[in-house]
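Here is the structure we will look at, set down as structure tokens.
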There are 2 protein chains.
Amino acid sequence: MGTVSKALGLIDILARANGPKGLTGIAKAAGFDKATARRMLLELAANGYVVQNSDSRDYELGPALQVYGKIREERFSLLKTVTPFVRALCEQTGETVHASEYSAGMLLSICTEHSTKPIRVNLEPGQKLPLHATASGIAFLSASSPAFIDATLRKPLPQFTSATLTNAEDISKAVREARVLGFATSNQTLQDDVSSVAGAIRNQFDKPIGTLAIAVPTLRMTPNSISELGALVQKTATEISNKLSGRRTGLS
Amino acid sequence: MGTVSKALGLIDILARANGPKGLTGIAKAAGFDKATARRMLLELAANGYVVQNSDSRDYELGPALQVYGKIREERFSLLKTVTPFVRALCEQTGETVHASEYSAGMLLSICTEHSTKPIRVNLEPGQKLPLHATASGIAFLSASSPAFIDATLRKPLPQFTSATLTNAEDISKAVREARVLGFATSNQTLQDDVSSVAGAIRNQFDKPIGTLAIAVPTLRMTPNSISELGALVQKTATEISNKLSGRRTGLS
DNA sequence: ACTAATGGTTCAATAGTTGAAACAAAAACT
DNA sequence: AGTTTTTGTTTCAACTATTGAACCATTAGT
């Protein structure tokens with residue numbers, strides 16, 4: 001891993017922390033030496049990606065992230081488009097809903113809305129979802145080219161739980177099933193006690209660019225709710241895809 | 001300059017370009033070798049800060065910027081707070097209005113709204129404003145501690161135009177004047193033919209954190225409009241400061 | 001089919017990175 | 001107030017990632 005990735009990892013640490021963090025804490029969380037962490041933080045700070053409080057000397061996320069994030073948002077409106085749908089679907093189903101965007105071999109969670117039920121699935125934007133071990137991933141693959149699926153399944157397929165599919169053939173089968181159904185399901189493949197249904201979001205060329213998913217505590221997942229929620233994500237994901245393509249939809 | 005800064009510079013290049021850019025173009029713009037630019041871009045891409053189009057092989061800003069930008073926005077609401085004020089002030093005055101946030105010895109432009117007049121000042125979010133050569137900078141200094149002002153004026157003070165003040169004493173004087181007036185003015189100190197008025201935005205501890213500025217083509221800047229626009233930025237900057245402190249204001 | 005331009009790869013020389021150690025400055029004790 | 005502990009900062013020799021010229025592969029243009 002190069003220096004740049006290490007430095008960017010510090011940003012991720014600051015994002016996951018809730019609030020400012022001191023040098024020692026950051027270095028410990030990243031597994032770097034204090035001196036190393038500091039040099040990186042100063043460089044990030046010089047570019048506005050991180051801000052150091054002049055009193056407490058703690059570090060926090062910087063304004064550059066907002067500036068560039070906003071620019072990206074204007075050019076590529078997936079996040080903006082998806083947010084109201086995620087909110088609505090969360091309200092409608094009462095379950096945690098999240099959208100992800102494909103990036104660098106993974107699905108990056110870009111928008112989450114949490115269930116209000118006492119027991120709920122919790123996940124935050126920035127969470128990285130592996131393609132082979134999530135409903136989102138299977139849904140994404142089910143909308144991808146055979147070449148892409150092949151390439152993905154040839155890479156290492158790490159095991160996260162006892163239910164994770166790590167065999168290319170098993171995953172292929174799940175992908176085919178998802179293609180038939182129109183949505184993908186997962187049962188504790190990434191985390192214990194979490195089940196999901198997910199649909200692919202496509203661009204105007206019908207290529208998948210991300211996913212929409214509903215994540216439910218497995219104890220609430222019945223065959224009935226799978227087909228019900230599955231139909232809902234599929235429908236909503238299609239609506240989002242249509243909106244991205246500039247096509248008219250039932251909703252606005 | 002370290003490797004991290006160089007890589008982050010590539011993000012800035014992509015942000016300034018309007019649309020995707022190829023490897024050669026990026027390397028040329030950054031002044032790096034192709035191999036260097038590519039290795040950095042791949043590393044940025046692996047972290048979601050950049051996305052490579054699989055067909056055209058062009059690079060674009062990535063979703064991580066949006067994700068982390070959004071997180072920062074929830075923790076520190078200057079951008080969110082300031083945006084409606086910038087819009088309103090632009091509409092009211094018909095001139096280009098922008099807000100900036102202090103970061104790493106400069107003011108980083110975080111929000112801009114352009115005049116609709118045929119001749120107007122153009123600047124984009126991400127623009128870096130030096131403290132000593134902009135109305136924003138003088139306004140910021142006028143709200144800063146003497147120690148901070150001293151430290152700033154001891155650093156190199158580059159000359160941008162023939163009107164740039166590069167003498168610590170001259171800048172000190174401008175700062176004192178701004179403190180008396182309640183707003184700062186600049187006349188072609190950073191760019192020819194651009195004049196500005198600016199006021200400081202303060203946090204709940206009265207410390208300056210950014211600025212609000214109106215940028216006008218010098219040909220439209222009369223003594224009258226200076227005092228008029230100056231009074232407006234000052235008033236609006238105070239309103240923003242109050243809102244950030246949670247205090248009630250006339251507007252909502 | 002040829003040329004030009006762009007993306008991608010390689011590798012030895014180089015320059016930036018690393019982390020232990022020592023130091024300074026705050027906090028957190030007694 | 002004095003002592004200990006923690007945290008931030010600086011330094012520097014060993015090391016390792018970075019660099020860029022040269023080369024290859026691929027695509028776009030004529």
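None of these values were measured; they are calculated from a predicted model. All chains are named by letter (A, B, ...) in the order of the sequence lines, taking the proteins before the strands, and each is independently numbered beginning at 1.
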*Salt-bridge test for B/Lys70 and A/Glu124: reply yes if a basic N is under 4.0 Å from a carboxylate O, no otherwise.*
no
*Salt-bridged, A/Asp55 to B/Lys207, with N to O below 4.0 Å?*
yes
*What orientation do A/Tyr102 and A/Phe148 show, parallel under 30°, tilted 30 to 60°, or perpendicular over 60°?*
perpendicular
*Ignoring backbone atoms, establish whether B/Tyr59 has a side-chain N or O less than 4.0 Å from OP1 or OP2 of C/dG8.*
yes
*Starting from C1' on C/dA27, measure out to CG on A/Asp58 and report it in whole angstrom.*
13 Å
_Is A/Arg38 close enough to D/dT9 that one of its side-chain N or O atoms is under 4.0 Å from OP1 or OP2 there?_
yes
*How many angstroms lie between atom CD1 of A/Ile171 and atom OG1 of A/Thr152, to the nearest 0.5 angstrom?*
9.5 Å
*d(CZ, B/Arg57; P, C/dA5) in whole Å*: 19 Å
*Check whether any side-chain nitrogen or oxygen of B/Arg39 sits under 4.0 Å from OP1 or OP2 of D/dT19, and answer yes or no.*
yes
*Rounding to a whole Å, what distance do you find between A/Leu42:CG and D/dT11:P?*
13 Å
*asked:* If you only use heavy atoms from C-beta on, which nucleotide in C/dT17, D/dT9, C/dT18 is closest to the side chain of B/Thr3?
replied: C/dT17
_Integer-rounded Å distance: D/dT26 C1' and B/Asp55 CG_ = 15 Å
*Listed in order of residue number, which residues of residues 7-36 of chain A have a non-hydrogen atom at under 4.0 Å from DNA chain C?*
A/Asp33, A/Ala35, A/Thr36
*Go through the side-chain N and O atoms of A/Ser5 and B/Glu43 and say whether any donor and acceptor fall under 3.5 Å apart.*
yes
_Check: B/Ser136 main-chain N/O paired with B/Thr211 side-chain donor or acceptor under 3.5 Å_ = no
_Nearest whole Å is fine: how far is D/dT9 P from A/Met40 CE?_
17 Å
